[in-house]
2 protein chains.
Amino acid sequence: MPVRGGKTRNRWELESLLSGEYSMDPEEGPRGQEAASTSYGASPRNGPKLRLGRRFSSDEELLDTITSKDPVLERAEQFTNVNMASERFQSSSTIMDTLEDLPPGIGQYDDFHTIDWLRDVARDRTRHRQVVKKKQNGCLEYIKGAHDAWSGWMCVLLVGIIAGCLAGVIDIGASWLSDIKEGICMDAFWLNREQCCWSSNDTHLSGDHCKQWYSWADMMGVKSNGGDYIVKYIFYMLWGCAFALTAAMFVRVFAPYACGSGVPEIKTILSGFIIRGYLGKWTLLTKSVGMMLSTAAGLSLGKEGPYVHVVCCIGNIISYFFPKYSKNEAKKREVLSAASAAGVSVAFGAPIGGVLFSLEEVSYYFPLKTLWRSFFCALAAAFVLRSINPFGTDHLVMFYIEYNEPWYLQELVPFVLIGALGGLLGSLFIKFNIKWCRYRKTSALGKYPIIEVLVITFVTTLLSFPNPYTRMNSSELIRQLVSRCGPEDNSDLCGYQRNFTDPQAYMSSAYVGEGVRRALWQLFLALVFKAVITVFTFGMKVPAGLFIPSMAVGAIMGRMIGIGMEQLVLANKDSAIFKNMCQGGCMVTPGLYAMVGAAATLGGVTRMTVSLVVIMFELTGGLQYIVPLMLAVMASKWVGDALCKQGIYDAHIRLNGYPFLDNKEEFTHTTIAADVMRPRRNDPPLSVITQDTMTLEQIEMLLKDTEHNGFPVVVSMDSQYLVGFVTRRDLKLAIANGRKNVEGVVSDSIVYFANQIPSNMVGPAPLKLRKILDLAPVTITDQTPMETVVEMFRKLGLRQTLVTVNGRLLGVITKKDVLRHIVQLQNQDPDSILFN
Amino acid sequence: MPVRGGKTRNRWELESLLSGEYSMDPEEGPRGQEAASTSYGASPRNGPKLRLGRRFSSDEELLDTITSKDPVLERAEQFTNVNMASERFQSSSTIMDTLEDLPPGIGQYDDFHTIDWLRDVARDRTRHRQVVKKKQNGCLEYIKGAHDAWSGWMCVLLVGIIAGCLAGVIDIGASWLSDIKEGICMDAFWLNREQCCWSSNDTHLSGDHCKQWYSWADMMGVKSNGGDYIVKYIFYMLWGCAFALTAAMFVRVFAPYACGSGVPEIKTILSGFIIRGYLGKWTLLTKSVGMMLSTAAGLSLGKEGPYVHVVCCIGNIISYFFPKYSKNEAKKREVLSAASAAGVSVAFGAPIGGVLFSLEEVSYYFPLKTLWRSFFCALAAAFVLRSINPFGTDHLVMFYIEYNEPWYLQELVPFVLIGALGGLLGSLFIKFNIKWCRYRKTSALGKYPIIEVLVITFVTTLLSFPNPYTRMNSSELIRQLVSRCGPEDNSDLCGYQRNFTDPQAYMSSAYVGEGVRRALWQLFLALVFKAVITVFTFGMKVPAGLFIPSMAVGAIMGRMIGIGMEQLVLANKDSAIFKNMCQGGCMVTPGLYAMVGAAATLGGVTRMTVSLVVIMFELTGGLQYIVPLMLAVMASKWVGDALCKQGIYDAHIRLNGYPFLDNKEEFTHTTIAADVMRPRRNDPPLSVITQDTMTLEQIEMLLKDTEHNGFPVVVSMDSQYLVGFVTRRDLKLAIANGRKNVEGVVSDSIVYFANQIPSNMVGPAPLKLRKILDLAPVTITDQTPMETVVEMFRKLGLRQTLVTVNGRLLGVITKKDVLRHIVQLQNQDPDSILFN
């Protein structure tokens with residue numbers, strides 16, 4: 001064989017190594033069922049060690065082997081060959097470095113396909129070894145190697161920094177837009193109210209007013225009290241609708257993927273699925289702008305979930321600058337895991353909560369290395385955001401609580417109650433939201449997303465303006481609810497029967513006054529309104545997160561129960577039950593109840609546990625309330641799980657039919673691999689390729705007639721003993737190259753996947769393709785229980801597995817087969833799986 | 001075949017299902033190497049669905065199948081058979097419930113063996129399904145089912161409660177013993193100093209003295225200042241040596257496993273290894289008492305690591321009351337994971353840190369369900385401990401810091417420096433400690449553990465008494481170091497040049513005075529002494545933890561750097577660099593530096609990251625210092641990893657040769673399965689059993705001649721096509737039963753593992769053993785890269801995998817082969833692996 005041929009083959013071998021579609025959907029194909037009688041013997045173990053065709057053998061090794069085996073090369077040449085080898089070596093490294101020159105799609109997966117983790121991880125190790133080996137080749141290579149070693153940290157550092165900056169911009173922008181609804185800064189319209197009043201050096205800041213800040217009523221010249229209210233109301237609604245409309249239009253025109261919270265999709269992507277464009281630059285831009293607008297519109301949604309999506313977009317974009325990550329989908333997911341941690345980190349200023357959120361809720365494959373990177377990324381993001389300081393406070397903590405009161409054992413009863421109510425509210429929310437979303441999908445409503453957004457915004461703004469607790473920003477509402485009343489506080493919530501001049505009076509509970517009674521009514525209305533409207537809001541075609549609305553609902557509930565508890569204790573201060581709480585003054589802090597309520601409801605909606613408690617700590621600084629918080633979150637999870645198994649994200653994944661193999665659910669059925677594998681009992685047999693009998697034409701026919709993404713290679717049609725697995729893409733490339741570059745290859749050529757070619761061969765030149773064969777496909781037996789199969793798919797991140805019995809091939813199980821099977825066992829339509 | 005035979009077979013089938021040794025160490029045995037020529041055909045897929053012999057088929061199914069297939073049973077009987085079937089059913093359930101009646105060892109593993117996670121998890125699912133099915137059989141079964149469903153939570157709740165109680169007892173005991181070294185309460189000797197002074201109603205509490213508390217010098221009647229000191233010194237040393245001696249004797253006599261921290265062993269156990277007695281009641285008792293004594297002895301060790309071990313013992317003992325856990329080693333490890341979380345939770349009052357410690361450092365298999373259970377367990381433990389309140393404070397927080405000062409960007413430089421120093425100190429500690437431990441193992445020193453303990457205690461007490469910072473309890477030292485000086489503080493550490501009467505002066509930094517200078521010297525000596533003595537202390541035969549000593553070393557280092565930084569800033573308060581730190585007074589808090597130093601050194605020693613930061617928060621309440629802490633911990637980890645790859649626990653695992661397959665290390669070599677599998681190239685072939693040709697005698701010979709724990713079953717010696725895998729234990733039980741209970745079985749009987757027996761068979765009655773065959777062994781091909789194999793071993797928790805090529809059996813790889821291979825690639829002695 002001429003050197004040229006060898007070289008060329010080498011080229012496509014590399015390509016095929018870098019490419020690879022392993023998925024297959026076997027439907028038909030010839031297969032013999034008879035007993036086997038094979039004389040295939042020569043155990044490879046006794047022959048020369050076969051390193052050639054092994055899975056993911058490193059490129060140099062391939063080159064080495066070709067070089068040393070090439071019959072044309074003289075022995076003398078082998079000694080003077082160093083330069084040449086290093087040249088080839090160089091060329092292989094060039095291929096690695098400039099993968100962009102290759103046809104598009106090489107080394108990548110198609111859209112809506114599942115990745116093969118095992119393969120990608122192995123490919124990365126190969127690449128890593130190559131880099132380490134090259135390090136000895138001089139200074140430049142050494143630097144390259146060092147760069148490669150640090151690029152993981154560098155990449156997450158960049159993601160963190162950019163995430164922090166962008167979050168600062170978004171926070172400032174959202175706050176400006178939010179203030180614009182009420183008025184404008186006359187001196188400099190680009191300032192929000194707080195900055196405007198700062199810049200005007202106005203010390204007269206009572207009631208959020210200062211000289212430079214003109215409300216729209218002021219601008220219109222309306223002075224009367226009623227007219228003022230109406231003008232404000234109208235502007236509030238107009239701006240709200242305008243913002244929501246703009247956000248919806250942006251999403252519609254620029255990036256349809258920018259809607260919703262994005263967490264379900266990111267969970268799916270992290271589990272090893274490809275959704276092209278979901279983390280692209282257009283999505284990033286649209287979502288960033290859209291979330292400012294939709295939050296500012298006054299809709300019942302937060303920007304915390306979308307932050308996760310936005311930072312994941314940043315992670316995806318940054319990873320393009322690091323070939324280590326851009327060329328390897330499994331490695332890229334490590335960056336995305338870190339990015340989602342950074343997302344929560346900037347959303348709440350909670351770096352550790354972010355890492356745990358990524359671990360508990362979002363990520364699929366989370367080795368300790370990723371844990372450390374996520375930690376670093378979240379830290380960098382939080383640090384940058386803190387330096388930008390968009391809220392103008394020195395606390396990283398959003399809802400900082402100043403109190404440090406002890407809690408009493410008796411209070412655990414209301415805390416558990418709040419937890420259970422939170423779980424109940426969360427489950428109801430999930431049920432109704434899913435029902436509504438399903439209705440939207442199936443009815444005409446889905447065709448008019450912008451009108452839907454407008455209507456919901458109209459209703460929201462119309463109903464929320466009159467109630468101060470719905471009119472204000474949800475974050476501000478939560479902050480008020482979890483706080484304790486101080487002497488300076490003259491809001492309704494603090495309208496207790498207290499001696500206002502005595503600061504000591506604020507250290508203990510008091511009877512409710514007129515203000516609290518009014519506040520309770522308004523809070524109750526706000527609770528109902530927010531709980532209902534969020535059901536309709538989440539799922540609309542605007543960027544929308546769930547964290548803040550559900551926390552707000554929970555905080556309202558908690559505060560109300562807290563006030564109730566406070567009055568109960570005060571009314572029974574001498575009873576045996578409450579005696580120990582009332583030494584001096586009674587000590588019940590309704591703010592603590594609000595905090596517990598916020599955690600419980602969020603827990604009920606998302607079913608987070610540890611990460612949620614940590615996020616609550618980082619949000620409030622209330623480390624001393626660990627037991628109440630944990631207890632409420634556990635109660636919420638139990639009640640929630642009893643009512644409805646899935647959290648909101650999993651429910652949306654199921655609703656949208658994403659191929660997500662949940663690693664929380666246990667597989668409890670008694671089926672075995674033989675029940676799931678294809679072909680089924682009455683299907684035509686599996687399409688296979690034999691290792692040394694099929695002609696080029698036959699294989700080309702097979703490729704034409706079937707649509708499988710890969711084919712098992714067997715010893716012979718009769719015996720069906722499994723040799724390996726070849727992907728459609730590799731096969732196509734190899735055949736095209738063989739026809740073009742290998743002399744004497746015609747349609748009648750036998751294609752050899754076998755190790756040896758019989759010496760007495762007649763006929764046209766054969767085509768040897770053993771090198772594109774995956775000799776290590778994952779196999780199971782037909783009697784393997786499906787729980788083991790599911791476990792293997794989950795833990796090894798398989799794309800498909802071959803089913804054998806006594807070494808003979810029976811069928812194949814793909815990830816989608818597993819998903820369909822699980823859905824079928826739950827008596828649901830198996831066709832609901834798959835992206836739709 | 002008579003019903004009786006069927007019934008009996010059924011009995012041992014169950015046994016063999018419940019039992020199981022999968023490990024094998026193939027060394028020799030007959031095996032054909034020739035080319036295969038087999039006519040084994042009949043594809044099972046075309047026959048009736050084979051559910052019989054499949055792996056871990058549920059017992060009822062087995063019974064059902066036997067019933068329906070039994071040729072003796074009349075058709076009529078089948079209809080009147082309900083009672084009988086339910087009786088059998090009952091008997092099978094009795095076997096499940098009263099496994100204690102079975103011969104010991106059934107369903108368990110031998111000591112120093114590896115468990116098979118896949119198999120155990122599958123077994124649990126089978127058991128679970130059985131329980132769910134039975135639920136319909138009446139009220140009692142329903143209650144049993146509900147009990148089973150809740151037993152997971154119940155078990156961890158009990159573990160948590162008992163852990164909390166025991167921790168309270170240990171804390172109180174250790175504090176009493178610690179005080180006994182200095183004096184005794186005259187009224188009631190069982191009170192420690194604090195309680196003694198409380199009970200005496202003595203308001204005169206200055207200098208830790210009160211009327212009822214008699215120091216030993218008082219008791220001896222020594223009044224002179226010098227004599228007083230000497231008496232105290234002598235008693236300090238005497239008591240110290242007495243405590244240490246008692247602890248060492250206890251360990252020696254009652255439970256040798258009670259020494260050390262226990263964390264490396266628990267890591268190994270959680271990775272799926274059996275060390276009998278390591279978590280037993282004697283270890284629990286000995287370790288509980290021993291850790292009180294060894295902490296009180298004044299040795300440089302903590303009781304935080306041992307707490308993990310103690311609570312794991314509790315977990316193990318409690319799990320015996322829940323058959324779900326006691327019968328299943330994989331499930332038991334879920335309880336142990338939760339228990340180790342509870343251990344850290346009670347050690348530091350850090351429930352979330354405990355969960356993360358369990359996740360990051362200790363656990364191997366940590367599904368989300370375990371995360372929630374751990375969380376609950378840690379919460380229960382912390383809550384009970386808080387209710388007992390052994391420290392007499394209302395804070396769960398051990399080293400509560402009251403300050404809330406901001407930190408400045410410039411301070412990040414010293415923080416990173418502290419982090420790097422922490423990593424350096426940690427790595428040096430690991431290196432020297434491992435060297436010393438290796439010396440102890442190989443030299444005569446190892447033979448005199450009690451003398452070693454006595455000598456080290458003598459040296460420790462001798463050197464630590466004169467220095468106040470080494471004399472005091474390490475926890476107390478850390479608490480002082482991380483605190484800020486307040487007006488009431490008149491210790492040396494607070495001897496600044498301040499206006500003592502002005503409380504405002506304490507809000508900012510001041511120049512050092514005489515006191516601080518003296519303290520710095522003493523701290524430096526304490527640093528050196530503690531760093532050195534801990535190297536010799538950790539690894540002695542007394543219960544000894546590392547957390548507190550390393551934190552103390554780090555806190556000393558941090559405090560010293562903090563004081564240096566403080567003085568630097570004060571001296572350059574007008575320079576551009578420090579200007580922003582000195583508005584009004586300069587703001588440097590040396591306590592913060594101590595906190596960062598403690599975290600950094602602990603990080604350097606253990607290489608924890610996220611869990612460490614969370615533990616630090618929970619220990620100090622310093623949530624606002626997240627960035628400094630995280631940065632220092634990252635710096636410490638980087639520097640540490642650069643100097644020495646493994647943390648102290650992993651280093652001790654390696655030192656002791658535990659078979660621990662680290663899931664942090666990446667496998668980066670290019671070897672393939674064929675390089676690792678046994679038999680090696682020149683070894684005798686693998687011992688295998690054929691499915692339908694070997695006689696009973698031949699198999700018995702094989703069992704006698706080899707020591708493998710299992711045998712692959714192949715189609716024929718010639719073809720070597722793999723059928724399944726049978727364990728030695730199952731095979732032995734089955735043969736013994738066959739000889740006894742099956743009519744006509746003699747030494748010449750053919751043993752059938754095949755599905756069908758030829759109808760024209762002649763000779764003695766055959767023995768059919770297909771049912772004990774594992775028809776779903778995990779197989780790989782010989783070309784599978786070792787990185788994939790290691791991944792499979794890690795993630796699926798395999799015990800062994802069979803190596804095939806084209807369906808034909810080539811060899812076997814056990815977990816120990818993998819471990820030996822990894823060690824070999826690191827150029828170390830492969831025989832160092834295995835418990836020794």
Side-chain angles (χ1 to χ4, degrees), chain A residues 33-37 39 41 43-45 54-56 118 122 125 128-129 351-352 355 360 368 371-372 375-376 379 383 394 406 609-610 613-614 617 621 623 626-627 630 634 664 668 670 672 674 715 721-723 775-776 779-781 783-785 787-788 792 795-796 804-808 810, chain B residues 33 35 37-39 41 43-45 54-56 118 122 125 128-129 351-352 355 360 368 371-372 375-376 379 383 394 406 609-610 613-614 617-618 621 623 626-627 630 634 664 668 670 672 674 715 721-723 775-776 779-781 783-785 787-788 792 795-796 804-808 810:
Chain A
Q33 295 274 8
E34 304 83 354
S37 175
S39 62
S43 164
R45 281 189 61 240
R54 124 165 95 93
R55 202 179 196 184
F56 322 125
L118 257 190
R125 301 254 164 89
H128 178 71
R129 279 195 292 267
I352 294 182
V355 173
E360 187 180 352
L368 280 172
L371 183 75
W372 300 325
F375 184 61
F376 185 66
L379 171 69
F383 178 68
D394 262 341
T609 54
V610 186
V613 174
V614 174
F617 288 156
L623 209 60
I626 189 163
V627 173
M630 285 176 93
M634 288 309 314
K664 287 177 207 165
T668 52
T670 52
I672 57 174
V715 171
Y721 287 114
L722 183 66
V723 175
L775 287 171
T779 59
I780 54 171
T781 68
Q783 298 295 317
T784 312
E787 53 210 26
T788 307
M792 288 175 81
K795 291 201 172 152
L796 301 176
T804 62
V805 63
N806 300 3
R808 293 143 46 80
L810 272 189
Chain B
Q33 294 275 9
S37 175
T38 164
S39 63
S43 165
R45 279 189 63 240
R54 125 165 94 92
R55 202 178 196 187
F56 322 125
L118 258 189
R125 301 255 165 89
H128 178 72
R129 278 196 293 268
I352 293 182
V355 173
E360 188 181 350
L368 279 172
L371 182 75
W372 299 326
F375 183 62
F376 185 66
L379 171 69
F383 178 69
D394 261 342
T609 53
V610 186
V613 174
V614 174
F617 288 156
E618 293 189 277
L623 208 59
I626 189 162
V627 173
M630 285 176 93
M634 286 311 311
K664 286 176 206 167
T668 53
T670 52
I672 56 173
V715 171
Y721 288 113
L722 183 68
V723 175
L775 286 172
T779 59
I780 53 172
T781 69
Q783 298 295 317
T784 311
E787 52 209 28
T788 306
M792 286 175 82
K795 293 202 172 154
L796 301 177
T804 62
V805 64
N806 299 3
R808 291 145 46 79
L810 272 189

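Numbers restart at 1 for each chain; the letters A, B, ... are given by sequence-line order, proteins then strands.
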Closest contact, heavy atoms only, A:Ala776 versus B:Thr781: CA-OG1, 3.3 Å
Atom pair CE/CZ of B:Met630 and A:Phe375 - distance to nearest 0.5 Å: 3.5 Å
Close side-chain approach of A:Tyr721 and B:Tyr721, heavy atoms under 4.5 Å: yes
Distance (rounded to the nearest 0.5 Å) between A:His128 NE2 and B:Glu787 CD: 11.0 Å
Atom of A:Leu379, atom of B:Val627 and distance for their closest heavy-atom approach: CD1-CA, 3.8 Å
Counterpart residues, side chain to side chain contact (heavy atoms under 4.5 Å, CB included), relative to A:Ile780 (two or more places apart): A:Ala673, A:Thr784, A:Val789, A:Met792, A:Thr801, A:Val803, A:Ile813
Atom group of A:Thr804 that falls short of 4.5 Å from chain B, counting heavy atoms: neither
A:Thr609 side, atom OG1; B:Leu371 side, atom CG - distance, nearest 0.5 Å: 5.0 Å
Considering all heavy atoms, the nearest B:Met634-A:Phe376 contact: CG-CD1, 4.1 Å
